[in-house]
Amino acid sequence: MDPSLPGQPVSKTDPAGRLPVWLQHSFPFVILVFALLYGLATTFWQEQPTRQAFPAVSTFSGTAPGITGRAEYRLQPLDTVLSEKRWQANDWLSVDTRFSGIGYPYKSVTFRLELENPRAQTVASQLTVPAPYLDHLKPALIHPDGRVERLPAMGDRYPFEQRYLALPQWIWPVTLQPGTTILLMEVRNHGPVMLPATLSDSTEALGKGTAITAWKSFITGLLVFALLLNLIMVAKLRRPGLAWLSVLMISVIYSQLVMDGLGLWLLWPALPELNALLNISLPLCLIALCEFTPHFLRVERVEARLLRGFSLLATLHLLAAPLDLHLFGQQAFLITSATGGLFILVLNLRKFSNHVYARYYALSVLAILLGAVVSSLRTVGWLPVNVMTDSAFFLGAAAGSLILTSGVSKLLLNERRKRMSSDIQVRKEQNLRASIERDYDRLLKTHRVTGKPNRPMLEDTLGAVDCHQTPYTLCMIRLARFNEVEQALGYRAAEELLKQYLRHLNRFLKKNLGDQLIMINGYGIATLDTVNHAFALLRDPDENQERERLLTINRWLSESFREGRFSFSWAPSVGVANAPEHGTETADVLACAGFASLDESMPLVIYDPSIAEWQYRQQILMLDVEQALQSDEMWLEYQPKVHIRDGRVGSVEALIRWQHPEFGRVAPGQWIPLAEEVGIIHTVTLWVLERACQDSHRLYAEYGHTVCVAVNISAMDLAHRLFAEEAGAIVRRHKLEPSDICLEITETAMMTDPETARATIRTLSAMGFRIALDDFGSGHSSLGALAQFTLDELKIDRSFLDGVLDYPSRQNVLRATLEIGIALDLEVVVEGVEDQAVALWLHQFPGLQGQGYYWGRPFRLDQSQRQWPRDEVYT
């Protein structure tokens with residue numbers, strides 16, 4: 001919902017949320033205009049009263065006669081009372097002249113009052129009825145001599161010219177004979193009926209009427225001022241909620257102008273039909289309150305619907321008012337408005353303690369309700385009819401409107417303060433932005449840490465060089481130890497040392513390269529990031545001279561950097577790329593130099609396209625590993641481990657295979673080491689273990705339930721703190737025992753982090769997993785590994801079988817190795833058995849197992865071994 005008041009909570013329902021924006025802002029005024037046009041149309045269609053000229057009567061000063069006793073009434077028109085001489089009957093209903101309200105009869109009522117003239121001569125006086133909102137007043141006098149005198153009919157639909165005095169009250173000049181004169185007054189009204197009649201002389205009537213008109217005009221003026229203020233806020237802020245408050249104030253002002261006669265007297269004396277809009281303006285007050293509430297307070301959905309229900313009921317009253325339907329008369333509207341006002345009051349009281357503006361609203365609604373209650377009690381005759389009770393609704397509604405306006409004004413003042421604070425903050429930000437913009441060129445062209453030209457400046461400078469006409473060499477310097485220095489000394493100290501280093505390097509390049517150095521915004525070197533820096537020099541036709549320059553730079557870079565009490569090496573590596581040989585675009589040349597700088601085998605490396613292609617292949621492979629695991633690009637093949645003497649299969653080793661869509665068959669040795677470096681090997685191990693456990697039941701069907709499935713694990717797996725838990729969960733999920741799985745670990749993996757590896761292996765062994773030491777004899781610490789770790793199996797590397805049949809010394813080494821395994825009570829497996837002669841020679845060792853192409857190549861479970869050619873190489 002569009003919030004009506006700044007800074008206020010909004011309702012959870014939007015009463016105009018589905019309307020166009022322009023209509024949301026003007027919707028309250030559209031409703032107001034529609035109601036006025038509807039009321040005017042129905043008023044002019046009604047029958048107009050007969051207009052009579054008022055007789056000329058002179059004024060009289062002196063003591064006026066009075067009205068004695070009680071007023072009496074009957075529900076008959078005046079014509080009927082006169083024709084049937086009912087004024088003489090005794091069945092009139094009594095009502096005190098001070099409490100002359102009789103409610104809502106919805107038919108003509110004739111009042112009978114006694115006018116007493118105690119003098120002996122006739123007296124001229126003024127009969128005053130201060131109730132200008134009555135539709136029709138038709139008086140008649142029954143003089144003491146029985147003569148009937150009809151007075152001019154008046155009411156709020158009669159033109160102003162028919163009035164005797166230019167005042168809002170109805171005043172008739174009467175001449176009273178000595179004795180008692182009976183006043184008969186027919187009152188016909190769509191609303192409440194009462195007759196607060198008084199007798200006075202002209203001066204008294206004029207004085208009282210003027211005083212009452214003055215203070216009511218003052219209050220009306222305050223309301224008009226508040227209305228203008230509210231309309232200004234609506235026009236400035238375009239808030240629908242404030243617009244509904246404007247509609248409320250317009251309706252209140254109009255209602256009181258009609259009820260006090262000020263409209264007919266001051267604003268539309270020639271259009272008495274406008275007074276009939278009173279029945280339109282009163283329902284508009286309730287509609288405006290109901291529609292304003294969701295904009296001012298946060299209400300729940302049910303509460304918003306109830307408010308909308310009261311608003312619709314008020315709309316029905318508005319539409320039915322000109323049609324004179326008793327079901328939707330003012331009496332029914334009074335009940336509807338009282339219930340709706342109480343509901344709004346309850347909503348405000350619920351938020352009274354924690355919502356400051358709810359207090360304003362509660363006081364406003366309370367004032368309106370009190371005014372309505374006093375007016376209602378006066379109408380039914382429970383309160384006297386006087387100037388205060390007659391204006392109670394006006395006073396209450398005026399007070400409520402002023403309270404609401406003051407609340408909104410306070411809210412807007414708070415918003416103004418916030419805006420002024422925001423303006424101050426905006427000015428500060430503008431000053432800050434101006435300061436930043438002054439340094440904008442420097443920030444765009446230099447690196448934040450080093451202050452040297454950044455990569456865009458380097459690219460712009462080299463892009464302006466035509467490399468075909470002016471070939472150049474780009475050198476990328478990679479400071480491999482920057483992060484290490486940063487961790488040791490802190491980033492502030494590391495950055496300061498880096499700036500000093502680059503300052504020395506910049507001076508060295510300018511001094512030794514001279515005009516050959518391509519200057520970048522006044523500097524000889526640019527910073528791509530804190531680790532990588534670059535400089536460029538024009539190619540020398542003499543290749544030897546150029547090579548000598550590069551070697552000189554390389555020697556300077558290789559020296560230890562000394563600054564203050566620090567002396568260390570940044571371990572720089574320099575990658576060199578030539579334009580246009582290695583690219584015509586600056587970005588391409590930079591990429592080539594960057595590739596070359598990654599090679600740490602030499603301090604200075606010239607870009608080699610074949611190396612770049614290999615690096616690209618490795619990068620693509622690492623990016624595709626996870627996708628390959630989820631698709632059919634990777635699978636497992638199994639190679640049996642055979643008891644040599646009887647040919648029985650004791651276990652099978654799971655070997656991973658990869659058919660890459662771009663590079664074809666990728667051997668494990670081409671990607672597994674890199675996967676270990678980048679940290680993705682743990683995911684691969686878990687996938688292999690999961691798939692091997694899944695295939696184990698099919699392997700049991702082929703080799704028997706005693707077969708064990710072997711899976712290779714890496715140093716990273718041993719270092720992973722949750723590996724043992726994850727491996728156990730996988731085995732349990734496939735309803736296997738840990739002893740059904742053999743984990744093969746190379747001695748290199750074991751010795752990467754011996755303490756962590758020893759703890760993990762001990763945990764896995766305690767869980768029941770079999771542990772095998774793979775590739776025994778290929779490392780540098782095999783005997784140490786055998787002594788330190790808990791093992792179940794020893795796999796002798798294939799290198800022990802090279803020339804074993806030809807060289808007795810090799811046979812002795814193999815026998816010694818087998819004896820070590822037997823002495824440690826380990827199962828021993830010899831890898832790489834590929835021909836029958838070697839297999840027969842190995843028969844001499846009891847309990848020995850073998851693995852190799854002689855017994856079978858690795859195979860997929862869904863394919864036969866014979867599908868794989870014997871000359872295909874697997875590792």
Side-chain angles (χ1 to χ4, degrees), residues 637-644 649-656 667-670 672-673 676 681 688 708 710-715 717-718 742-752 754 757 761 770-845 847-858 872-875:
E637 294 182 356
Y638 297 94
Q639 187 174 32
K641 301 177 187 178
V642 180
H643 290 274
I644 295 178
V649 176
S651 62
V652 291
E653 181 180 0
L655 303 172
I656 191 168
Q670 296 178 355
I672 286 181
E676 291 178 339
I681 192 63
V688 172
C708 180
V711 175
N712 291 281
I713 62 175
S714 70
D717 297 320
L718 292 177
C742 179
L743 303 178
E744 296 189 0
I745 311 167
T746 65
E747 57 181 327
T748 303
M750 288 182 176
M751 301 310 296
T752 300
I761 290 174
R770 293 176 56 80
I771 308 298
L773 179 60
D774 197 10
D775 298 336
F776 178 75
S778 61
H780 61 277
S781 57
S782 301
L783 294 178
L786 287 175
Q788 294 182 39
F789 298 96
T790 304
L791 302 174
D792 298 288
E793 183 179 303
L794 183 66
K795 295 188 70 176
I796 298 175
D797 188 71
R798 66 177 60 244
S799 61
F800 279 73
L801 297 182
D802 291 342
V804 70
L805 299 180
D806 301 324
Y807 301 98
S809 59
R810 289 186 174 273
Q811 296 175 12
N812 293 332
V813 171
L814 180 58
R815 285 191 180 93
T817 305
L818 294 177
E819 289 175 0
I820 292 174
I822 295 171
L824 294 175
D825 196 21
L826 301 177
E827 293 186 5
V828 181
V829 180
V830 179
E831 298 179 290
V833 181
E834 298 184 1
D835 54 57
Q836 186 178 13
V838 174
L840 291 175
W841 185 82
L842 293 173
H843 272 237
Q844 60 182 301
F845 304 105
L848 183 64
Q849 298 183 45
Q851 182 179 2
Y853 291 167
Y854 174 73
W855 292 285
R857 292 176 177 273
E872 187 171 357
V873 177
Y874 292 86
T875 58

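- Closest heavy-atom contact between A839 and Y854: CB-CE2, 3.6 Å.
- Remark: side-chain polar atoms of Q811 are paired, donor with acceptor, to backbone N or O of V804 under 3.5 angstrom.
- Counting only heavy atoms from C-beta outward, the side chains of F800 and T817 approach each other to under 4.5 Å.
- Here the SG-CD distance, from C742 to E827, works out to 8.5 Å after rounding to the nearest 0.5 Å.
- Of all heavy-atom pairs between I761 and T790, the closest is CG2-O, 3.5 Å.
- Side-chain contact check for L655 versus V688: every heavy-atom pair is 4.5 Å or farther apart.
- The CG atom of D835 lies 7.0 Å from the CG atom of L805; values are rounded to the nearest 0.5 Å.
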Worked verdict on W855 versus K641 for side-chain contact (heavy atoms from CB on, under 4.5 Å): CA-CA 8 Å; W855 292 285; K641 301 177 187 178; over 6 Å; no
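- Distance alone, capped at 3.5 Å, places no donor-acceptor pair between the D806 side chain and the G803 backbone.
- Taken from CG in L814 to CH2 in W841, the straight-line distance is 5.0 Å, to the nearest 0.5 Å.
- Minimum heavy-atom separation, V652 to P640: CG1-CA, 3.8 Å.
- Looking at Y853 and E834, their side chains come closer than 4.5 Å, going by heavy atoms from C-beta outward.
- Inter-residue side-chain proximity for N812 and Y807 is flagged as unmet; no heavy-atom pair is nearer than 4.5 Å.
- Between G832 and R798 the shortest heavy-atom distance is CA-NH1, 3.6 Å.
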Residues V830, V838; criterion side-chain contact (heavy atoms from CB on, under 4.5 Å); working and verdict: CA-CA 11 Å; V830 179; V838 174; over 6 Å; no
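- Counting only heavy atoms from C-beta outward, the side chains of L773 and L826 never approach each other to under 4.5 Å.
- A donor-acceptor contact shorter than 3.5 Å links the side chain of Q639 to the backbone of G856.
- Dense packing is recorded around CD of Q844, with more than 12 heavy atoms of other residues, nucleotides or ligands lying under 6.0 Å away.
- Side-chain contact between I745 and D774 is absent, with no heavy atoms from C-beta onward closer than 4.5 Å.
- Taking all atoms of both residues into account, the shortest heavy-atom contact from E793 to V829 is OE2-CG2, 3.7 Å.
- A heavy-atom distance below 4.5 Å is not found between the side chains of E653 and Y638.
- Evaluated for a side-chain contact (heavy atoms from CB on, under 4.5 Å) with F776, the options L794, L791, D797 yield exactly one hit, L794.
- Side chain of D792 to main chain of I771: a donor-acceptor pair is present (N/O by atom type, distance under 3.5 Å, no hydrogens or angles).
- Annotation: side chain of I681 is not in contact with side chain of I713 (no heavy-atom distance under 4.5 Å).
- The heavy-atom pair separating N712 from A654 by the smallest distance is ND2-O, 3.8 Å.
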